[in-house]
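Notes follow once the structure below has been shown.
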Amino acid sequence: MPELPEVEAVAQTLRPLVLGKKIRCVHVFHPIGVKPQKSAFLAQNAEGQTIRRVTRHGKYLLLELDRGLLSLHFRLDGQLLWFSNARELEVNANRPPHNVHVDVAFEFNRGVLGFADRRHLGRVHVFESRNVGSGLRSLGIDALSKEFSAKQFAQLLSQSRRPLKEFLLDQTRVAGIGNIYSCESMWHAKIDPRRHADSLTKKEAARLHKAIVSVLRRALECCLRPAPDFRDPSWWFQGLEKILRAYGLEDQPCRRCEKPIRRIEQGGRSTYFCATCQK
DNA sequence: CCTGCTACCTGATGGC
DNA sequence: TGCCATCAGGTAGCAG
């Protein structure tokens, strides 16, 4: 559930399910999912606590407890699953013929929340506060927060000479933008991903800021309709393809100028863009 | 501090 | 059909 809109949709959908519920028991089926923390540490710090708020910062989903918080990061493939009870989870997960890998589960009085990830790259951690944990602590401004203004964005851009694409993926500057929506935002703003961040004019920075916010809002609407279905392990966000204009469209004609979309590599990741209308 | 590289994992896909 | 290479919406950790 990779980028900000997907995580926000999950947060909104999850909120009514877990708010005010007490974590009766934590199950760690695959310890890699809590690494580098220990299973016992997670259990000790989460069991018996009630979920007071469900929030999000960048791509991190945060379950705030009476004391401390749970930090869930889905990386590339992580997802949440909901089971009626521990028995249902036991029957349906982590055993053939089902292909459902629940690494960590939180059991409530009614219902169980599972964190599943077949690649085991996603992580569940427990922290005293948001200021602990390297990834979470160093996150920049959330791209859908009030603090993310055009002025603030221009300021951040001016402080970096990295290629724009790499700058947008840097979660310590602006949090929440990933590979898809960085490409989409730059396409909408008509700016070349290879430009250095500090080379953007104020006007271009403002255009890109606007593009980022509208791309993320649009994607969030898509992610909420239909809303995530935690009861279906095969569920995934649908319909996002129809809003994409660059990502994954190598060799297909640009929707503005008809020239083929190009794919290049930046920082070890694919960038899709139109070399003709993105300057 | 910054930047760039690799590791971490599994599964889907396409070429031969 | 099988085998191999490549790709995937991400980040942590490390060296320089």
Side-chain angles (χ1 to χ4, degrees), chain A residues 1-10 29-37 56-61 71-80 94 96 98-104 115-125 127 132-140 143 156-187 193 196-198 212 215-216 218-220 222-223 228 233-251 263-272:
Chain A
M1 235 155 292
E3 306 184 31
L4 184 156
E6 288 84 356
V7 181
E8 177 62 25
V10 165
F29 298 103
H30 205 135
I32 197 174
V34 303
K35 216 174 154 187
Q37 295 187 339
R56 179 193 58 73
H57 190 168
K59 304 168 195 170
Y60 287 78
L61 175 63
S71 150
L72 279 60
H73 198 296
F74 303 102
R75 296 280 179 99
L76 296 172
D77 288 318
Q79 70 179 129
L80 294 183
N94 301 327
H98 310 285
N99 200 22
V100 178
H101 303 255
V102 175
D103 287 354
V104 182
F115 182 94
D117 188 343
R118 52 191 183 171
R119 272 167 94 178
H120 309 293
L121 291 173
R123 290 292 181 269
V124 175
H125 294 137
F127 298 118
V132 188
S134 58
L136 187 57
R137 182 186 43 197
S138 56
L139 284 179
L156 289 169
L157 282 165
S158 72
Q159 289 167 350
S160 170
R161 40 177 325 164
R162 306 179 77 177
L164 181 57
K165 168 68 177 325
E166 292 177 33
F167 170 88
L168 291 177
L169 291 186
D170 182 352
Q171 304 298 303
T172 70
R173 300 305 200 274
V174 179
I177 304 168
N179 211 25
I180 292 182
Y181 302 127
S182 60
C183 292
E184 292 301 303
S185 301
M186 292 182 290
W187 183 88
H196 288 262
D198 62 3
I212 289 168
V215 161
L216 294 179
R218 178 109 199 271
L220 173 57
C222 266
C223 289
S234 65
W235 189 91
W236 202 249
F237 298 96
Q238 308 147 48
L240 287 168
E241 331 76 51
K242 67 179 189 285
I243 66 172
L244 301 183
R245 294 293 177 264
Y247 183 84
L249 300 175
E250 185 179 14
D251 296 334
R263 179 167 80 97
I264 60 172
E265 190 154 300
Q266 291 184 288
R269 326 248 345 242
S270 289
T271 297
Y272 298 86

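By convention in this document, chain letters (A, B, ...) are assigned in the order of the sequence lines, proteins followed by strands, and residues within each chain are numbered from 1.
Looking at A:E8, its side chain never comes within 3.5 Å of a backbone N or O of A:L220 through a donor-acceptor pair. Without hydrogens or angle criteria, A:H57 side chain to A:G176 main chain gives no donor-acceptor distance under 3.5 Å. Between the side chain of A:E184 and the backbone N or O of A:A246 there is at least one donor-acceptor pair closer than 3.5 Å. A distance-only check finds no donor-acceptor pair linking the side chain of A:Q171 to the backbone of A:G58 [under 3.5 Å].
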Could you list all N or O pairs between the protein and nucleotides 10-15 of chain B that sit under 3.5 Å apart?
| residue | atom | partner | partner atom | Å |
| --- | --- | --- | --- | --- |
| B:dT10 | O2 | A:R119 | NE | 3.4 |

Table of protein N/O atoms under 3.5 Å from nucleotides 4-7 of chain B N/O atoms:
| residue | atom | partner | partner atom | Å |
| --- | --- | --- | --- | --- |
| B:dG4 | OP2 | A:E166 | OE1 | 3.4 |

Collect all protein-nucleotide pairs involving nucleotides 12-14 of chain C in which both atoms are nitrogen or oxygen and the distance is under 3.5 Å.
| residue | atom | partner | partner atom | Å |
| --- | --- | --- | --- | --- |
| C:dA12 | OP1 | A:Y60 | OH | 3.1 |

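At C:dG10, none of the side-chain N or O atoms of A:Q171 fall inside 4.0 Å of OP1 or OP2 (strictly under the cut-off). Residue A:R269 places at least one side-chain N or O under 4.0 Å from the OP1 or OP2 atom of C:dG10. Under 4.0 angstrom from either OP1 or OP2 of C:dG10 there lies no side-chain N or O belonging to A:H73.
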- Audit row: A:S185, A:L216, side chain to side chain contact (heavy atoms under 4.5 Å, CB included) steps and yes/no: CA-CA 9 Å; A:S185 301; A:L216 294 179; 5.8 Å; no
- Could you walk me through whether A:L139 and A:Y60 pass the side chain to side chain contact (heavy atoms under 4.5 Å, CB included) check? CA-CA 10 Å; A:L139 284 179; A:Y60 287 78; 3.6 Å; yes
- Can you check side chain to side chain contact (heavy atoms under 4.5 Å, CB included) on A:C183 and A:K165, steps first, answer last? CA-CA 8 Å; A:C183 292; A:K165 168 68 177 325; 4.2 Å; yes
- Message: Please determine whether side chain to side chain contact (heavy atoms under 4.5 Å, CB included) holds for the pair A:Y181 and A:L168, giving the CA-CA distance in whole Å, both sets of side-chain angles, and the decisive distance to 0.1 Å.
- Response: CA-CA 9 Å; A:Y181 302 127; A:L168 291 177; over 6 Å; no
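A:W236 places a side-chain heavy atom less than 4.5 Å from the side chain of A:Q79. Looking at A:F237 and A:V10, their side chains come closer than 4.5 Å, going by heavy atoms from C-beta outward. You'll find the side chain of A:C222 reaches within 4.5 Å of the side chain of A:I243, heavy atoms only. For the pair A:L240 and A:I180, the minimum side-chain heavy-atom distance is 4.5 Å or more.
Of the two residues contacting DNA chain B, namely A:K35 and A:R161, the nearest-nucleotide position lying further toward the 5' end is that of A:R161.
Near DNA chain C, meaning a heavy atom under 4.0 Å from it, residues 173-187 of chain A has A:G178, A:N179, A:I180 in order of number.
Residue A:I32 is classed as a sugar-phosphate contact, given heavy-atom separations below 4.0 Å to backbone atoms only. No contact: A:S160 has no heavy atom under 4.0 Å from any strand.
Note: A:Q159 CD to A:R173 CZ = 7.5 Å, rounded to the nearest 0.5 Å. With values rounded to the nearest 0.5 angstrom, A:D251 atom CG is found 9.5 Å from A:R263 atom CZ.
When the P atom of C:dT11 is taken as reference, atom CZ of A:R137 falls 16 Å away, rounded to whole Å. Note: NZ (A:K59) to C1' (C:dG10) measures 6 Å, nearest angstrom. Atom-to-atom, CG of A:D117 to C1' of C:dG10 comes out at 11 Å; the value is rounded to the nearest Å. Distance CZ (A:F237) to C1' (C:dA8): 16 Å, rounded to an integer number of Å. Summarising the geometry, the separation between CG on A:D170 and P on B:dC2 is reported as 9 Å, rounded to the nearest angstrom. Atom CD in A:Q266 sits roughly 17 Å away from atom C1' in C:dC7 (whole-Å rounding).
Evaluation of the side-chain contact (heavy atoms from CB on, under 4.5 Å) rule for A:H30 yields A:I32, A:D103, A:H120 as partners, not counting sequence neighbours.
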- Dot-bracket summary - DNA chain B, pairs being Watson-Crick or G-U whose distances fall under 3.5 Å, with | when paired to another strand: .|||||||.|||||||
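On the P atoms, B:dC9 is 15 Å away from C:dC14, given to the nearest whole Å.
One finds a salt bridge joining A:D170 and A:R162 here, because a Lys/Arg side-chain nitrogen approaches an Asp/Glu carboxylate oxygen to under 4.0 Å.
Results of the side chain to side chain contact (heavy atoms under 4.5 Å, CB included) test with A:F74 over A:L121, A:D117, A:L80 single out A:L80 as the only residue that passes.
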